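Remarks on the structure that follows.
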Amino acid sequence: MAALSGKVVQNVFIAQFYQQNRQFGTQYQRDSCVPYMRALPPFHGGKLAWTSNSSMQMRNLLKYQNGFVNRRTFYCNAASSATAIPSLDKVDFLKLQNGSDIRGVAVSGVEGEPVSLTEPVTEAIAAGFAAWLLDKKKVDASRKLRVSIGHDSRISAQKLQDAVSRGIASAGLDVVQYGLASTPAMFNSTLTEDEAILCPADGAIMITASHLPYNRNGFKFFTNDGGLGKNDIKDILERAASIYSNFLAKGYSVKASESVKKIDYMAVYTSDLVKAVRKAAGNIEKPLEGFHIVVDAGNGAGGFFAAKVLEPLGAITSGSQFLEPDGMFPNHIPNPEDKAAMKAITQAVLDNKANLGIIFDTDVDRSAAVDSTGRELNRNRLIALMSAIVLEEHPGTTIVTDSVTSDGLTSFIEKKLGGKHHRFKRGYKNVIDEAIRLNSIGEESHLAIETSGHGALKENHWLDDGAYLMVKLLNKLASARASGKGVGSKVLTDLVEGLEEPAIAVELRLKINQNHPDLKGRSFREYGEAVLQHLGNSIASNPKLQKAPVNYEGVRVSGFGGWFLLRLSLHDPVLPLNIEAPSHEDAVKLGLEVAAAVKEFQALDTSALDKFVQP
């Protein structure tokens with residue numbers, strides 16, 4: 001690690017910094033370690049000035065070069081903004097909570113979506129996290145806490161990173177900026193122990209809104225215990241509201257902060273991924289030599305995987321696409337569940353005659369794959385594949401999934417693989433926390449995974465890491481070839497042989513009109529629960545249908561050779577309806593049963609369901 005630290009912790013002289021980036025000639029050049037060019041400040045003869053929303057200036061760089069050359073870090077000081085001080089509006093901070101994340105609108109220009117993540121709001125949230133962290137860690141005054149900050153490719157990333165840095169520094173904590181990074185890497189920074197790269201961080205913040213549109217952004221928070229939960233986020237937002245009220249009372253200004261360190265942590269993170277694959281193959285230097293693997297990063301933060309993980313392992317990555325970070329996401333939504341995204345990576349595999357395709361979401365905490373024939377390995381197939389790999393390593397273990405997984409997956413895990421399928425609730429944090437809970441009461445679980453592509457393994461600190469999931473697939477490819485048991489993605493495809501898949505699988509969204517008089521003063525959640533209660537009662541008297549004997553979310557029912565699940569969305573006034581059946585006719589029969597049961601709820605928009613069941 002010492003040798004690596006010398007490479008990844010840069011002592012950057014600014015003239016060299018710009019010269020190096022001019023040589024690359026593109027924003028990214030398939031190297032996530034190069035700062036995102038559109039976010040770079042202009043160079044003015046030994047001083048660095050940020051002239052956008054969060055103006056920053058660098059003092060004479062010779063002073064820093066001489067004073068900090070042995071520290072091998074890059075320091076800059078935030079200065080008062082040259083732009084106008086933003087006006088402050090009253091903010092309902094709790095509305096920014098999205099389960100265990102914070103999300104809002106960071107860029108203006110979309111009708112009906114006013115900006116909610118302003119710089120003052122962001123600074124208050126960061127200061128709220130700092131206060132929460134100080135209370136949690138309870139360190140004495142002799143040690144300053146350290147917070148790492150990273151971001152995905154969104155166009156608001158730099159502005160929010162600057163505001164977050166000010167908020168953290170205002171509480172007296174040290175700030176370490178990673179620049180373009182992945183969500184899993186941010187959590188890992190709280191576990192790595194290497195003071196040369198300023199690790200471990202006491203807390204970490206990832207600036208991301210996953211696959212949401214370009215104008216959105218948000219925050220995920222970590223300590224070495226993992227991602228923060230809903231109650232923690234609520235606590236932070238309440239603290240932020242108090243801090244923001246002081247801004248309103250006393251006025252807000254962009255104040256100078258303490259020195260900010262900049263570290264290339266992604267080089268550490270990717271090095272660990274490479275080591276994991278080499279180890280699985282018996283410490284072969286290039287265990288993927290000859291494999292052709294294409295990567296689709298969707299212009300998010302995952303472009304590093306081709307050049308920094310696959311190529312050092314010997315893989316050919318020609319044909320990889322959309323590796324350059326572009327926060328407008330011009331090619332497709334970076335989302336392994338999106339049909340256009342999966343079509344894009346499938347086509348890339350077929351066009352390049354590749355052995356495997358890999359696709360990530362924006363911040364790389366979700367992923368999926370495509371085999372050499374163009375068969376998608378996502379949703380239930382990815383869960384089946386990961387279950388097969390994990391159950392080889394841990395026979396009989398419990399696989400925890402979200403609520404919309406198929407009956408065929410249950411049969412595959414339990415009857416073919418000899419494991420136990422524990423179907424829980426939607427929400428990656430719910431699934432992970434349930435796996436942790438099961439282990440705490442003596443039921444062994446090594447995998448918690450959602451159909452969305454969020455997957456966490458016990459061996460990886462229960463972190464949902466899309467890159468690590470793909471490393472597990474690469475491990476299988478490498479070890480199979482090393483042992484002479486097979487070559488190519490057929491090794492993976494064979495692992496899911498026997499998985500029963502429905503002919504029809506649909507999700508319909510039934511929206512609740514919160515302004516409809518039928519709510520009668522109830523919240524959308526109370527109204528939705530009433531719909532589910534009524535549906536459950538109606539099913540109980542129907543001999544053609546059978547309610548699932550064990551169910552943790554909504555109403556799950558089997559019948560006509562298939563099943564449906566009606567549940568209440570975690571955050572929105574929506575009742576998603578999932579239907580799987582052996583034929584369209586059987587799916588329609590299930591849909592008609594739901595339509596008949598909910599027709600009296602006038603505030604429920606059933607137009608999507610009505611269209612589906614029409615002859």
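These numbers come from the heavy atoms of this one structure, side chains and all, not from hydrogens, waters or symmetry mates. Numbering starts at 1 and runs along the sequence shown. Keep in mind that this is a model prediction, so the values were computed, not measured.
One N or O on the side chain of Arg154 and one on the backbone of Ser210 form a donor-acceptor pair closer than 3.5 Å. Without hydrogens or angle criteria, Thr223 side chain to Asp225 main chain gives a donor-acceptor distance under 3.5 Å. No donor-acceptor pair closer than 3.5 Å links the side chain of Asn460 to the backbone N or O of Trp462. With hydrogens and angles ignored, the 3.5 Å screen pairs no side-chain donor or acceptor of Ser569 with any backbone N or O of Val574. Formation of a donor-acceptor pair under 3.5 Å by the Glu450 side chain with backbone atoms of Ser452 is not found in this model. Of the possible donor and acceptor atoms, one in the side chain of Ser245 sits under 3.5 Å from a partner among the backbone N and O of Ser242.
With rounding to the nearest 0.5 angstrom, the NZ atom of Lys159 is 7.5 Å from the OG1 atom of Thr122. Between Ile436 atom CD1 and Ile441 atom CD1 the span is 13.0 Å, to the nearest 0.5 Å. The CD1 atom of Ile243 lies 11.0 Å from the CG atom of Leu237; values are rounded to the nearest 0.5 Å. Ser148 contributes atom OG, which lies 12.0 Å from atom CG of Asp174 (distance to the nearest 0.5 angstrom). Here Leu228 contributes atom CG and Ile236 contributes atom CD1; the two are 5.0 Å apart, rounded to the nearest 0.5 Å. Here CZ of Phe524 is found 10.5 Å from CD of Glu526. Values are rounded to the nearest 0.5 Å.
Side-chain contact between Leu191 and Pro200: absent, with no pair of heavy atoms (C-beta onward) separated by less than 4.5 Å. The shortest distance between side-chain heavy atoms of Met186 and Thr208 does not fall below 4.5 Å. Put simply, the side chain of Leu96 does not reach to within 4.5 Å of the side chain of Arg103, judged on heavy atoms. Looking at Val431 and Thr401, their side chains never come closer than 4.5 Å, going by heavy atoms from C-beta outward. Using a 4.5 Å heavy-atom cutoff, the side chains of Ile125 and Phe221 are in contact. Side-chain contact between Phe222 and Ser189 is absent, with no heavy atoms from C-beta onward closer than 4.5 Å. In this structure, the side chains of Asp365 and His454 come closer than 4.5 Å at one or more pairs of heavy atoms. Side-chain contact check for Val175 versus Val147: every heavy-atom pair is 4.5 Å or farther apart.
For residues 230-241, every residue pair satisfying the salt bridge (charged side-chain N to carboxylate O under 4.0 Å, His left out) rule, not counting sequence neighbours, is listed here: Asp135-Arg239, Lys234-Glu238, Asp235-Arg239.
For the side-chain hydrogen bond (donor to acceptor under 3.5 Å, both in side chains) with Arg366, the lone residue among Asn335, Asp464, Asp465 that qualifies is Asn335.
Judged purely by distance below 3.5 Å, without hydrogens or angles, the side chains of Tyr252 and Glu123 pair a donor atom with an acceptor atom. Side-chain polar atoms of Ser445 and Asn439 form no donor-acceptor pair below 3.5 angstrom. Side chains of His446 and Glu393: a donor-acceptor N/O pair is absent below 3.5 angstrom, by distance only. No side-chain N or O of Thr190 forms a donor-acceptor pair with one of Asn224 less than 3.5 Å apart. No side-chain donor from either of Tyr178 and Gln161 sits under 3.5 Å from a side-chain acceptor of the other. Side-chain contact annotation: Glu443 with Thr398, donor-acceptor N/O pair under 3.5 Å present. Arg426 and Thr451 share a donor-acceptor pair across their side chains, judged by distance under 3.5 Å alone. For the residue pair Asp152/Thr362, the side-chain donor-acceptor check at 3.5 Å is not satisfied. At a cut-off of 3.5 Å, with distance as the only test, a side-chain donor of Tyr265 or Thr192 sits close to an acceptor on the other residue.
Centroid-to-centroid, the aromatic rings of Tyr214 and Phe329 stay 6.0 Å apart or farther. Aromatic rings from His151 and Phe219 are positioned such that their centres are separated by 6.0 Å or more.
More than 12 heavy atoms of other residues, nucleotides or ligands sit less than 6.0 Å from atom NZ of Lys472. Counting heavy-atom neighbours within 6.0 Å of Asn231 CG, excluding the residue itself, gives a total of 12 or less. In this structure, Ile333 places its CD1 atom where only 12 or fewer heavy-atom neighbours from other residues, nucleotides or ligands lie under 6.0 Å away. The number of heavy atoms from other shown groups lying within 6.0 Å of NZ (Lys137) is above 12.
Salt-bridge annotation for Arg146 and Glu195: present, with a side-chain N of the basic residue lying under 4.0 Å from a carboxylate O of the acidic one. Ion pairing between Arg216 and Glu113 holds under the 4.0 Å rule for side-chain N and carboxylate O.
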Under the criterion side-chain contact (heavy atoms from CB on, under 4.5 Å), I'd like the reasoning laid out for Ser403 against Lys425: C-alpha separation, chi angles, the key distance, then a yes or no. CA-CA 5 Å; Ser403 60; Lys425 301 176 182 178; 5.6 Å; no
Check against side-chain contact (heavy atoms from CB on, under 4.5 Å), Leu273 and Val277: CA-CA 7 Å; Leu273 295 178; Val277 180; over 6 Å; no
CA sep, side-chain torsions, deciding dist, call: Val105, Leu117, side-chain contact (heavy atoms from CB on, under 4.5 Å): CA-CA 6 Å; Val105 177; Leu117 283 182; over 6 Å; no
What do the steps show when you test Lys458 against Glu444 for salt bridge (charged side-chain N to carboxylate O under 4.0 Å, His left out), and what is the final call? CA-CA 10 Å; Lys458 184 179 181 181; Glu444 183 189 77; 5.8 Å; no
Going through the checks in order, is the side-chain contact (heavy atoms from CB on, under 4.5 Å) test met by Glu553 and Leu570? CA-CA 10 Å; Glu553 183 174 45; Leu570 296 176; 4.0 Å; yes
Steps toward side chain to side chain donor-acceptor pair (under 3.5 Å) verdict (Gln177, Ser165): CA-CA 8 Å; Gln177 293 181 355; Ser165 298; 2.8 Å; yes
Would Tyr468 and His461 satisfy ring-ring contact (aromatic ring centres under 6.0 Å, His included), going step by step from the backbone distance to the final call? CA-CA 11 Å; Tyr468 194 83; His461 310 284; 9.2 Å; no
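For Gly104 against Ser116, the heavy-atom pair with the smallest separation is CA-OG, 3.4 Å. Closest heavy-atom contact between Ala307 and Pro312: O-CD, 3.3 Å. What you find for Leu133 and Asp202 is that their closest heavy atoms are CD1-O, 3.7 Å. Here the closest heavy-atom approach between residue Pro184 and residue Asp363 is recorded as CD-O, 3.6 Å. Here the closest non-hydrogen pair linking Ala130 and Ile168 is CB-CD1, 4.1 Å. Listed here is the closest heavy atom pair of Ala106 and Ser156: CB-OG, 3.5 Å.
The aromatic rings of Phe305 and Phe360 sit perpendicular to each other, their planes meeting at more than 60°, with 30° as the lower class boundary.
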